[in-house]
2 protein chains.
Amino acid sequence: MTSTEGVGALFDRWQQRRLEPSQCPVRDVLDRLGDKWTSLIVVALAARDHRFAALHRAIPDISKRMLTQTLRDLERDGLVSRHVFPTTPPSVEYRLTPLGHSMLDPLGALVAWAESRHSEIRTARAVFDQRAA
Amino acid sequence: MTSTEGVGALFDRWQQRRLEPSQCPVRDVLDRLGDKWTSLIVVALAARDHRFAALHRAIPDISKRMLTQTLRDLERDGLVSRHVFPTTPPSVEYRLTPLGHSMLDPLGALVAWAESRHSEIRTARAVFDQRAA
DNA sequence: CTCCATTGGTCTCTATGTGAGACCTGGCCT
DNA sequence: AGGCCAGGTCTCACATAGAGACCAATGGAG
């Protein structure tokens, strides 16, 4: 079965379960990727482990508040682990867990899609905006 | 090269380009998937074409406001097409474009990952919440 | 001829989420 | 004693999202 058929079939199963978010793995998981920063942080941590400040430098337009919050959520979901070192001042390193690493293949597929289709999307936007004006 | 290395390498390229969102395909595209409803709508339309009200029934907890807005964004990006039929009252059908269909394979990979890892994530959450309390 | 229901939205108001940036902690160096 | 560092938390202001009333055009019921 292709992924396409798979997604359609999955949708029908959702319908049967009436899309209760707590029952639906996809809602549960895509809602997390469905925030502005999660995937960006995962990709940054895929490249290498990062300390808090380094992560903030890597993704300059996230606020400390959201960085903390997103990291906590990722930690809670078991995708990221947090390691405190007793230096002074204490330093904290964030790493992908094996579970986090297991997400990189599918996420990579999406990223590859994004790269290959980007120009097509930008063209579509330009056409749409042209037509609107 | 594995997707993992691919994602890491991509990250380094982002760093070089300083992550300017308009220059970065991944920001550009993941920001769109990074809203609460886009992927859900794409998956619904993957199963079959939908009219506005049917889509609203399929995803009951989206507001009309956000449904309209998300559909417009998807249309603008060329992932979804809008077809108006001159019935009375006029009916509108939404369909995935070929570009939209091309996203289903990578999206399906992510969905499959979500399904297979869901119980692991739920366990991790329970452990984290336990520890916090 | 009037009244109502229908579809695909838009509008307004409120609630929630996000960002900016000040502040905190506490040990070390000068 | 004063200032610095990392890794946060806190508060306030603003942007975004949700709920639900409202709308326009038409066809059918009475």
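Labels below follow one simple rule: chain letters A, B, ... track the order of the sequence lines, proteins then strands, and each chain is numbered from 1.
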Nearest-nucleotide check on DNA chain D, B/Q69 vs A/S91; residue mapping nearer the 5' end is A/S91
Is any side-chain heavy atom of A/L74 less than 4.5 Å from a side-chain heavy atom of A/Y94? no
So A/I121 and B/L99, do their side chains get closer than 4.5 Å, heavy atoms only? yes
Along DNA chain D, first and last positions that approach a heavy atom of chain A under 4.0 Å: D/dC5 to D/dT11
Can you name the one residue among A/D49, A/I41, A/V42 that meets side-chain contact (heavy atoms from CB on, under 4.5 Å) with A/L45? A/I41
At a heavy-atom distance below 4.0 Å, which nucleotide of DNA chain C is the first touched by chain B, and which is the last? C/dT6 to C/dT12
Can you check side chain to side chain donor-acceptor pair (under 3.5 Å) on A/S81 and A/H83, steps first, answer last? CA-CA 7 Å; A/S81 59; A/H83 306 268; 2.8 Å; yes
Nearest-0.5 Å distance that lies between atom [atom1] in [X] and atom [atom2] in [Y]:
{"X": "B/W37", "Y": "B/L55", "atom1": "CH2", "atom2": "CG", "answer": "11.5 Å"}
{"X": "A/L71", "Y": "A/I62", "atom1": "CG", "atom2": "CD1", "answer": "7.5 Å"}
{"X": "B/L96", "Y": "B/M103", "atom1": "CG", "atom2": "CE", "answer": "9.5 Å"}

Global bending angle along the helix from C/dC1-D/dG30 to C/dT30-D/dA1, which compares the axes of five pairs at either end, to 10 degrees: 30°
Would you indicate what A/Y94 reaches in the nucleic acid, counting non-hydrogen atoms under 4.0 angstrom: base, sugar-phosphate, or nothing? sugar-phosphate
Presence of salt bridge, A/E93 and A/R95, under 4.0 angstrom: yes
For residues A/D73 and A/T70, is any side-chain donor paired with an opposing acceptor at under 3.5 Å? no
Which heavy atom in B/P106 sits nearest to a heavy atom in A/L110, and how many Å separate them? CB-CD1, 3.6 Å
Please compare B/R65 and B/F52 by the position of their nearest nucleotide in DNA chain C and report the one closer to 5'. B/F52
